[in-house]
Amino acid sequence: MPVCKNCTHTFNGLFCDQCGQQENNGRFTGKELAGDFIAQVFTFELPLLHTIQQLLTRPGRFCAEYIRGKRKPYTSPIQYFLIMAGLHLLVRVLTKFDPIANQYKAMGTKPPTDKAIQRGESVGHFISENLNNFFFILVFIFAFLSWLFFRKSKFTYTENVVFAFYIAGTYTIFPTIAIFLSYIHPSLYYCLYLFTIVYLSWSLVDFHQPMNRLLGTLKGVITSVLSYIAYILFASTVGMMYFHWIR
């Protein structure tokens, strides 16, 4: 008889008769992740606030427990990512926040009139306006580097993608808060970069639980920085290609 991974109750059938969670083998596959997306992405009745609380206080351990079978009380990874990214985009639209304009306010200068610089700024605006489209790519970059640098943890790439969806969704909280901080002073917006690196690195160590914590922390910082650099390079390349061939 199967034992529920969520409440440890022994039951018959496909669903636990005590908590209602569906039977699973404690691992994640690509097929299961896709099915989870189709079944739940438009359902908003799951405990989102409880999921956020877990991801802010014990992000790695929460993701590991979710992957290993404790899934019933939480919002699914892709649904969580879409909700959080959507909320961030909504705040940006409602506040009409422009990161390029904020940059000049922080430096205390006016936008340049040089055409070459203005073209570069156009790429920046394109990236900013399509941030959520590019941000989806960051999930898979972060998952790949997490899998690559922490292979000894035995999590598969798909399971690292689950982890990355949760962490990337939680990451959007920082730039959302930073938008409001920019109204106090434009330079406060850039505090988010420090918080991002700290949060991503901490999450990686908490998820993979390396034997050598110091080495694991170093790997976490490297993984976080490389993920962000790769994300910016990808978004910039797409932006430049768009203006060169389409515009």
- Task: Just say parallel, tilted or perpendicular for the rings of Trp147 and Phe144, cut-offs at 30° and 60°.
- Result: tilted

- Message: Can you classify the ring geometry of Phe135 versus Phe81 as parallel (below 30°), tilted (30 to 60°) or perpendicular (above 60°)?
- Response: parallel

- Note on the structure: On a heavy-atom basis, the closest approach of Val139 and Val161 is CG1-O, 4.2 Å

How far does [atom1] of [X] sit from [atom2] of [Y], to the nearest 0.5 angstrom?
{"X": "Leu214", "Y": "Leu218", "atom1": "CG", "atom2": "CG", "value": "7.0 Å"}
{"X": "Leu89", "Y": "Leu94", "atom1": "CG", "atom2": "CG", "value": "9.5 Å"}
{"X": "Gln18", "Y": "Cys7", "atom1": "CD", "atom2": "SG", "value": "4.5 Å"}
{"X": "Met107", "Y": "Asn102", "atom1": "CE", "atom2": "CG", "value": "10.0 Å"}
{"X": "Thr223", "Y": "Leu148", "atom1": "OG1", "atom2": "CG", "value": "8.0 Å"}
{"X": "Phe174", "Y": "Thr176", "atom1": "CZ", "atom2": "OG1", "value": "10.0 Å"}

- Query: Should Tyr189 and Phe97 be marked as a ring pair (Phe, Tyr, Trp, His ring centres under 6.0 Å) after you check the CA-CA gap, both sets of side-chain angles, and the distance that decides it?
  - Reply: CA-CA 11 Å; Tyr189 177 78; Phe97 180 75; 4.8 Å; yes

- Task: Determine whether the side chains of His208 and Ser153 contain a donor N or O and an acceptor N or O closer than 3.5 Å.
- Result: yes

- Any side-chain donor paired with an acceptor under 3.5 Å for Ser146 and Tyr157? no

Any side-chain heavy-atom pair of [X] and [Y] under 4.5 Å:
{"X": "His88", "Y": "Pro175", "value": "yes"}
{"X": "His9", "Y": "Asp17", "value": "yes"}
{"X": "Ile167", "Y": "Tyr199", "value": "yes"}
{"X": "Phe163", "Y": "Pro77", "value": "no"}
{"X": "Val91", "Y": "Phe180", "value": "yes"}

- Message: Could you work out, with side chain to side chain donor-acceptor pair (under 3.5 Å) as the rule, every residue matching Arg61, not counting sequence neighbours?
- Response: Asp206

- Task: Under the side chain to side chain donor-acceptor pair (under 3.5 Å) rule, collect the residues that match up with Ser224, sequence neighbours excluded.
- Result: Ser201

- Aromatic ring proximity Tyr80/Tyr166, centre distance under 6.0 Å: yes

- Only counting residues at least two apart or in another chain, list the ones meeting ring-ring contact (aromatic ring centres under 6.0 Å, His included) with Phe140. Phe136, Phe165

- Is the closest basic N to carboxylate O distance between Glu65 and Arg71 below 4.0 Å? no

- Please indicate whether Lys70 has more than 12 foreign heavy atoms, meaning atoms of other residues, nucleotides or ligands, lying under 6.0 Å from its NZ. no

- Evaluate ring pair (Phe, Tyr, Trp, His ring centres under 6.0 Å) for Phe207 paired with Phe62, printing each intermediate quantity in order. CA-CA 8 Å; Phe207 179 61; Phe62 160 73; over 10 Å; no

